[in-house]
Every structure is written in C-alpha cells, then in structure tokens.
Chemist: 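Structure below; questions to follow.
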Amino acid sequence: MNVKNSTFNYLIEKLKQKGALYFILVDPDKPDHLDKLCDIAEEADVAAFLVGGSTVISQYSIHNVIQYIKKITKIPVIIFPSNVSSVAKGADAIFFMSLLNSRNPYYISRVQAVAAPTIKKLGLEPISLAYIIVGDGGAAGYIGEADPIPFDHPELAAMYALSAELIGFKLIYLEAGSGVKEPIPPYFISFVKKIVNLPIIVGGGLINSENIKNAVKAGADIIVTGNVMENDPNCRKKILEFANAVKEGVKERKIK
Ligand code: 1GP
C-alpha cells in the first residue's frame, strides 16, 4: 500500500479539513437497511463505514457486508474487529486494536499476534488503535473482560490515552458500549482531549443530534453510531441529521 494513499492518511486529511468526522458502524449480523445507509452516506459526507461488533458470528458475514458496501459506495470500509474471526478480505483497512483496560492479556496483545499473519497476507491496512472502555461498557466491556473506567474518573482514561500516545498508537477510541443508555459525558471527553494529541473516536449510546453535537464540542474528533440505525426505516433522515450535528459541534467548539 502506498503510504500517501492509505486510508489512515485520507482520514487525517479529511479531519484537518472538516474538524470532525462521522463514521457509521454496521453490525454484519444485523445489516438491516444497509441499502439505505449506503445510498445516503456519500451525501451526508460519512467518512467511513466500520464493520464489526462484539458478537459477530462469522467471517463470512463480515466479508458479505464489506462487499455489499463497496458495490454501492466509494466510502472506505474499516473492519472493527472483536476477535480473529473478524479478519476478512476486501476492506480498505482494519483497526489493529488493543483493549488497554482489559484484565485479560488475550485482548491486549495476544489476539493481535494471532491475527497479524492473516492481516498481512490479506493486504489489509492496519490502523493501530487504543481501545478504552468506559462507563457501562456494554457487550464490548463484558466480552473484552474490561475494567470499565467510571464516568467520574476521566483522569484514568486520560492516563491510558496518554500511554497509548507514548507507545505510538495512531488513534484512541473511547467506547461506552453499543446501545448503552448513557453515552460518554462531554466533560469526560474534554478531559482526555486536553491531555492527548491523538484523534479521539467516541462511540456508544449516541442516539440523537444533541448527544453528537455535545461530544464534538467537547473535543471528539470522530463520532461513531451503530445501534440507532438498526431497524430504523428513517435511518436516511437520521444520518443527515447526525452528520449535520457533527458540523454544528465543530462550529461551536471553544478550542479549535
Ligand atoms: C459500539 O461505539 C459503537 O462499538 C457504537 O455504539 O451502537 O450505541 O451507536 P452504538
């Protein structure tokens, strides 16, 4: 892969231009309304599709969803893996992620060792990502055997995020867990943002424009929504609204 043309470089360039980006997460086991999501994504300026989920059943379903998205749109597709079984061909990149606050070394470094040869063989672009689970943590926290960081201790997340930056990770993902009732509060995001220079992805429980705008205002660089689009026949309207909320959040940021 030519470094200049990498998905990571494309995202960083786009982030510089726009100030914040919007990603849509597709669970390959629940690809409802995927046609509608793909149709509207370019108009909404969605920066990437993430494909994955904590309980993904098969490599086959991931591969099918990647192929489907790529037939309809040119938006990059990034695998958001939960295990070795998520490594599939056809994506533009894969988050090569370590769950930093897991209690189990498997999710910190061992699964990465098992997956690395296949990632290399398939020619997937790895984007190193420090995954930090906070708040409820949802299924990701349970499966990943995490010690989720409570919302009243953002300094603990900042310590993990800073260590990730010093190690050389390229992105931070603050994850509240898919479908959780409470998304990451703005003060928590701001605290981490002040400490690290890496782009921060925020996801989990962001279900309306207000949540999204506030997260971006607080310093989130990339917003991810997944669950809220599933089973929603009005998902096209919602995508446009959410993409607009990301733009509004950038305009209202105090620290640019
Ligand atoms: C989950 O952060 C993502 O890994 C998205 O969460 O499904 O709650 O939008 P939602």
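Ligands are counted one by one from 1 in listed order, and the atoms in each one are counted from 1 as well.
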Chemist: Checking side chain to side chain donor-acceptor pair (under 3.5 Å) for the pair Tyr131/Glu175: CA distance, chi angles, key distance, verdict?
Modeler: CA-CA 7 Å; Tyr131 197 45; Glu175 172 71 87; 2.7 Å; yes
Chemist: Which heavy atom in Ala20 sits nearest to a heavy atom in Ala220, and how many Å separate them?
Modeler: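 In terms of heavy atoms, the two residues are closest at CB-O, 4.1 Å.
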Chemist: In this structure, are over 12 heavy atoms from other groups packed under 6.0 Å from Arg110 atom CZ?
Modeler: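 Not more than 12 within 6.0 Å, no.
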Chemist: More than 12 heavy atoms of other residues, nucleotides or ligands under 6.0 Å from NZ of Lys70: is that the case?
Modeler: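 Yes, the 6.0 Å shell around NZ holds more than 12 heavy atoms from other groups.
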Chemist: For Tyr107 and Ser98: C-alpha separation, side-chain torsions, deciding distance, then whether side-chain contact (heavy atoms from CB on, under 4.5 Å) applies.
Modeler: CA-CA 6 Å; Tyr107 294 105; Ser98 171; over 6 Å; no
Chemist: Between Gln112 and Tyr106, is the side-chain contact (heavy atoms from CB on, under 4.5 Å) condition met? List the steps.
Modeler: CA-CA 8 Å; Gln112 294 76 1; Tyr106 179 78; over 6 Å; no
Chemist: Can you confirm, on distance only, whether ligand 1 has an N/O atom lying under 3.5 Å from any N/O atom belonging to Gly204?
Modeler: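 Yes; the residue has a nitrogen or oxygen that sits under 3.5 Å from a nitrogen or oxygen of the ligand.
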Chemist: Measure the distance from atom 7 (O) of ligand 1 to every protein heavy atom, then report the residue, atom name and distance (to 0.1 Å) of the closest one.
Modeler: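 Sorting protein heavy atoms by distance from atom 7 (O) of ligand 1 puts Ser178 OG, 2.5 Å first.
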Chemist: Would you mind running through ligand 1 and noting each atom that sits below 4.0 Å from a heavy atom of Asn227?
Modeler: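 Counting from 1, the qualifying ligand atoms are 7 (O), 8 (O), 9 (O), 10 (P).
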Chemist: Could you check Ser102 against Glu145 for side chain to side chain donor-acceptor pair (under 3.5 Å), going step by step and ending with a plain yes or no?
Modeler: CA-CA 5 Å; Ser102 175; Glu145 297 175 55; 5.9 Å; no
Chemist: Looking at atom 9 (O) of ligand 1, what's its closest protein heavy atom, distance included?
Modeler: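 Result for atom 9 (O) of ligand 1: Gly226 N, 2.7 Å.
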Chemist: Heavy-atom contacts under 4.0 Å between Tyr173 and ligand 1: side chain, backbone, both, or neither?
Modeler: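 Tyr173 to ligand 1: side-chain contact only, backbone stays beyond 4.0 Å.
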Chemist: Can you list the ligand 1 atoms lying under 4.0 Å from a non-hydrogen atom of Phe80?
Modeler: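 Close to Phe80: 4 (O).
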Chemist: Provide the number and element of each atom of ligand 1 under 4.0 Å from a heavy atom of Thr225.
Modeler: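 Every atom of ligand 1 under 4.0 Å from some heavy atom of Thr225: 9 (O).
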Chemist: Touching ligand 1 at all, Val228? Heavy atoms, strictly under 4.0 Å?
Modeler: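 Under 4.0 Å: no for Val228.
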Chemist: Give the numbers and elements of all ligand 1 atoms closer than 4.0 Å to a heavy atom of Gly179.
Modeler: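 Counting atoms of ligand 1 from 1, those under 4.0 Å from Gly179 are 7 (O), 8 (O), 10 (P).
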Chemist: With heavy atoms only and a cut-off of under 4.0 Å, state how Leu25 meets ligand 1: side chain, backbone, both or neither.
Modeler: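 The side chain, only.
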Chemist: Using every non-hydrogen atom in the two residues, find where Thr225 and Tyr22 come nearest and quote the distance to one decimal.
Modeler: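 Shortest heavy-atom contact: OG1-OH, 2.8 Å.
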Chemist: What protein heavy atom sits nearest atom 4 (O) of ligand 1, and how far away is it?
Modeler: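 Among all protein heavy atoms, the one nearest atom 4 (O) of ligand 1 is Glu175 OE1, 2.5 Å.
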Chemist: Heavy atom of Gly205 under 4.0 Å from ligand 1?
Modeler: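 True for this residue.
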Chemist: For the rings on Tyr173 and Phe80, is their centre-to-centre separation under 6.0 Å?
Modeler: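 Under 6.0 Å, so yes.
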Chemist: Under 4.0 Å from any heavy atom of Gly203, which atoms of ligand 1 are there?
Modeler: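 Every atom of ligand 1 under 4.0 Å from some heavy atom of Gly203: 2 (O).
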